[in-house]
Enquirer: 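Provided herewith is a single structure, encoded as structure tokens, for subsequent inquiry.
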Number of protein chains: 2
Amino acid sequence: MTSRLKDVAALAGVSIRTVSNVVSGSGAVAEHTRVKVQAALDELGYRPNAAARNLRAGRTGLIGLAIPELHSPYFSELAGLLVQAAQQRSWTVVIDQTFGDADAERRLLEGTGGRVVDGLIISPWALSPEDLAAHARGVPLVFLGERSPGGLADRVAVDNVPAADEATTHLLGLGRRRIAALGLQPHLHNGTARQRHEGYTAALRRAGIAPDPALERTVATLHREDGYAAMSALLDEGVEVDAVFAFSDELALGALHCAHQRGLRIPGDLAVVGFDGIDNARWAHPALTTVVPDKRQITERALQCLADRIYSPASAVPPQDIVVPHHLEIRASTVG
Amino acid sequence: MTSRLKDVAALAGVSIRTVSNVVSGSGAVAEHTRVKVQAALDELGYRPNAAARNLRAGRTGLIGLAIPELHSPYFSELAGLLVQAAQQRSWTVVIDQTFGDADAERRLLEGTGGRVVDGLIISPWALSPEDLAAHARGVPLVFLGERSPGGLADRVAVDNVPAADEATTHLLGLGRRRIAALGLQPHLHNGTARQRHEGYTAALRRAGIAPDPALERTVATLHREDGYAAMSALLDEGVEVDAVFAFSDELALGALHCAHQRGLRIPGDLAVVGFDGIDNARWAHPALTTVVPDKRQITERALQCLADRIYSPASAVPPQDIVVPHHLEIRASTVG
DNA sequence: GTGAAAGCGCTAACAA
DNA sequence: TTGTTAGCGCTTTCAC
């Protein structure tokens with residue numbers, strides 16, 4: 001069933017070398033030889049053995065994408081784009097899920113069970129920069145959304161502070177004054193939430209509003225359940241609130257769900273802004289205003305970083321900190 | 001940086017063979033030797049070269065998952081589960097997106113470009129069984145959701161006809177008589193929609209209701225946009241309707257969105273049932289009744305099929321047609 | 001323009 | 001119990 005170069009060579013009556021040249025298109029081959037070889041190739045239905053090529057090349061043609069989970073909308077959209085973009089560069093993506101588990105992240109960085117990928121794009125969750133730095137090994141790394149540990153690797157992300165500032169300023173511009181921040185995660189060593197909180201606070205301060213701890217809500221994860229729970233708690237405690245800035249769209253959707261159940265009018269009683277620009281947000285009820293990172297650029301730039309490191313390890317550019325654009329997509333959940 | 005077996009052997013003062021035995025845990029090694037070797041292993045931070053192992057073993061340890069798209073909820077949930085399940089069997093999953101393109105599906109089956117997987121799990125969309133059969137090649141195949149072409153490969157799916165029947169019967173039991181079927185795809189050679197339509201029709205007939213062509217709506221894809229458009233058209237045409245059975249949850253969510261905009265009460269004016277059991281459905285407004293396939297079993301069984309074919313190609317069991325369970329999850333969109 | 005052969009890192013058959 | 005060595009299939013240097 002599977003034929004080797006050797007078989008094709010035998011059938012065509014030439015050497016292995018010549019067949020290899022025809023297959024790869026490299027080297028010079030006389031026209032009549034190449035026709036003959038091509039015929040043999042077709043007859044045997046030859047397909048190159050990837051393992052052998054990889055061994056020879058010292059590469060696998062595989063890159064890893066490590067994300068907390070594949071089933072959440074933000075990451076599945078990102079993964080889909082990455083798979084596509086990688087394909088154009090003849091790379092194949094293998095996806096690993098860490099489920100926010102520190103050990104899983106560590107294991108991944110150490111290169112589980114064998115050197116398999118040529119590079120790794122990782123969206124850290126539980127690990128701190130220090131931890132990450134301590135375990136990074138061998139393969140080129142690109143961090144998504146988290147500052148690179150001590151300039152150890154490239155990093156691609158939106159600028160969280162101004163993005164959060166922008167979202168909050170939008171709410172302030174609508175006359176809201178009691179704006180809740182949903183999504184703090186002080187227990188994590190991942191700094192994304194911290195940065196968004198920073199932007200939120202900055203905007204409030206600029207508007208002359210003192211941040212109110214009662215309006216800042218911690219969550220365990222960024223899922224809808226958590227947004228729902230946080231919003232419920234807020235309302236149960238009787239905290240006065242006229243807007244919500246959620247650190248993820250899923251949190252925002254959960255909050256929206258809760259607000260509906262309580263009979264609040266959106267955006268009349270409560271304006272809501274999310275973060276991530278997931279497709280769901282457009283279909284929310286009402287459609288959700290959200291900070292949209294340019295996901296295509298995130299994947300493109302991350303791959304570019306990897307390509308540079310993998311193919312030109314010699315030209316050791318210092319680790320890059322790449323900021324991709326974002327924009328605030330204003331929809332009915334704030335401007336009804 | 002990367003050390004080979006040879007380097008470890010040199011450092012430990014033993015032969016390659018012995019190191020290999022220690023690494024793989026096979027063969028007999030004297031305790032004091034293994035301690036010595038292990039020390040060398042640790043010191044050099046040895047990790048096996050996957051490409052070399054694969055070449056040797058004649059396997060890649062990779063399995064492919066070919067789905068129309070990764071960003072839609074159903075497929076990302078499925079992919080997430082598969083990645084997890086595969087990990088437990090020491091397999092790595094590479095994901096390919098076909099975007100419902102017939103050529104992409106064909107190319108995948110032919111195993112283009114040289115990246116060779118040990119097996120392929122494919123969720124066909126555009127290709128007919130005949131086409132699939134014509135292009136299947138070499139690697140073990142498992143079809144998801146579509147009958148295997150001429151018993152050529154294993155297939156794992158829910159039983160669409162009874163599932164659709166059940167959903168429709170549920171609506172009939174609520175006294176609905178003008179039940180729309182949303183999601184016909186006569187242009188595709190993929191039989192899923194046809195089977196769901198069959199179940200729908202059967203349930204109607206059993207209730208003494210003649211299917212009304214005006215209630216059967218064709219869609220291009222299974223996305224929310226299509227559900228929204230189909231529902232809009234239905235209402236615009238003034239077709240009398242008191243329930244919708246959508247062939248996917250996304251279609252149902254789109255229809256729901258449209259119904260809301262038109263001011264219909266759910267389920268008072270319109271009861272809605274979806275299909276797929278995506279997480280979103282729970283968070284819809286109101287929560288969506290849906291047919292839930294056991295996704296975990298789908299991935300488990302598919303992997304089991306692959307494992308059987310890959311590891312015991314000799315014991316040629318005839319292609320299996322595996323039916324996984326489903327259940328109708330009744331929520332507020334039908335029983336308010 | 002084409003052939004012969006080395007060697008990528010690993011496993012396992014064969015020796016000792 | 002451990003060492004030696006022949007390939008797995010491919011690319012590529014060196015010779016012709």
Side-chain angles (χ1 to χ4, degrees), chain A residues 1-38 40-41 44-62 90 111 113-118 138-139 310-311, chain B residues 1-38 40-41 44-62 90 111 113-118 138-139:
Chain A
M1 189 75 218
T2 28
S3 49
R4 286 95 24 97
L5 236 31
K6 187 163 64 163
D7 304 319
V8 180
L11 180 61
V14 299
S15 82
I16 284 187
R17 161 72 202 264
T18 306
V19 181
S20 176
N21 277 345
V22 172
V23 171
S24 64
S26 68
V29 182
E31 189 49 26
H32 74 280
T33 329
R34 86 171 272 99
V35 170
K36 198 168 55 177
V37 170
Q38 189 57 57
L41 242 20
L44 293 177
Y46 172 80
R47 26 217 64 244
N49 178 310
R53 281 190 163 170
N54 293 338
L55 176 56
R56 189 69 234 277
R59 294 204 205 90
T60 61
L62 255 37
S90 308
R115 159 145 290 92
V116 279
V117 293
D118 292 338
V139 300
I310 292 173
Y311 295 121
Chain B
M1 188 78 218
T2 29
S3 49
R4 287 90 28 95
L5 235 31
K6 187 163 64 165
D7 304 319
V8 180
L11 179 62
V14 298
S15 82
I16 280 188
R17 161 71 201 263
T18 306
V19 182
S20 175
N21 277 345
V22 172
V23 171
S24 64
S26 68
V29 182
E31 188 50 27
H32 77 279
T33 329
R34 82 170 274 100
V35 170
K36 196 169 55 178
V37 170
Q38 189 58 56
L41 243 19
L44 293 178
Y46 172 79
R47 31 218 60 246
N49 178 309
R53 278 189 165 173
N54 292 339
L55 177 58
R56 190 72 236 280
R59 292 204 207 89
T60 61
L62 255 37
S90 310
R115 151 113 300 93
V116 177
V117 291
D118 292 340
V139 300

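These values consider heavy atoms only, across backbone and side chains, with no hydrogens, waters or symmetry-generated copies. Source: prediction; values computed, not measured.
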Enquirer: Indicate whether OP1 or OP2 belonging to D:dG3 is found under 4.0 Å from a side-chain N or O atom of B:R17.
Expert: no
Enquirer: Can you tell me which nucleotide in C:dT2, D:dC10, C:dC10 comes closest to the side chain of B:Y46?
Expert: C:dC10
Enquirer: Side chains of B:V23 and B:Y46: closer than 4.5 Å at any heavy-atom pair?
Expert: yes
Enquirer: For B:R34 and for B:A52, find the nucleotide of DNA chain D with the closest heavy atom, then tell me which residue's nucleotide is more 5'.
Expert: B:R34
Enquirer: Is any side-chain N or O of B:T33 closer than 4.0 Å to OP1 or OP2 of D:dT1?
Expert: no
Enquirer: So, is B:T18 near the phosphate of D:dG3, with a side-chain N or O under 4.0 Å from OP1 or OP2?
Expert: yes
Enquirer: Of all heavy-atom pairs between A:A12 and A:A40, which one has the smallest distance, and what is that distance?
Expert: CB-CB, 3.9 Å
Enquirer: Would you call A:R56 and A:R53 a side-chain contact if the rule is heavy atoms closer than 4.5 Å?
Expert: no
Enquirer: Show the nearest heavy-atom pair for residues A:D118 and A:I310, with the distance to one decimal.
Expert: O-CD1, 3.4 Å
Enquirer: Using atom CD of A:E31 as one end and atom P of C:dT2 as the other, report the distance to the nearest whole Å.
Expert: 11 Å
Enquirer: Measure from NZ on B:K6 to C1' on C:dT11 and round the result to the nearest Å.
Expert: 16 Å
Enquirer: Identify the heavy atoms of A:A52 and B:L55 that sit nearest to each other, and give their distance.
Expert: CB-CD1, 3.7 Å
Enquirer: Report the distance from atom CD1 of B:I16 to atom P of C:dT11, rounded to the nearest whole Å.
Expert: 10 Å
Enquirer: Could you check whether A:S24 gets within reach of a base, just the sugar-phosphate, or nothing at all, counting any heavy atom under 4.0 Å?
Expert: nothing
Enquirer: Whole angstrom is fine here: how far is it from CZ in B:R4 over to C1' in C:dG9?
Expert: 8 Å
Enquirer: Rounding to a whole Å, what distance do you find between B:L5:CG and C:dG9:C1'?
Expert: 8 Å
Enquirer: Phosphate oxygens OP1/OP2 of D:dT2: is one of them under 4.0 Å from a side-chain N or O of B:S15?
Expert: no
Enquirer: Send over the distance from A:N54 CG to C:dC10 P, rounded to a whole Å.
Expert: 14 Å
Enquirer: Are any of B:S20's side-chain N or O atoms less than 4.0 Å away from OP1 or OP2 of C:dT11?
Expert: yes
Enquirer: Rounded to whole Å, how long is the line connecting atom CG of B:L55 with atom P of D:dA6?
Expert: 17 Å
Enquirer: Taking the nucleotide of DNA chain D with the nearest heavy atom to each, does A:N21 or B:A57 sit closer to the 5' end?
Expert: B:A57
Enquirer: Whole Å only: how far is the NZ atom of B:K36 from the P atom of D:dT1?
Expert: 14 Å
Enquirer: Is there a side-chain polar atom (N or O) of B:R53 under 4.0 Å from OP1 or OP2 of C:dC10?
Expert: no
Enquirer: Is there a side-chain contact between B:R56 and the phosphate of C:dG9, meaning an N or O under 4.0 Å from OP1 or OP2?
Expert: no
Enquirer: So which nucleotide from C:dC10, C:dG3, D:dC10 ends up closest to the side chain of A:V14?
Expert: C:dG3
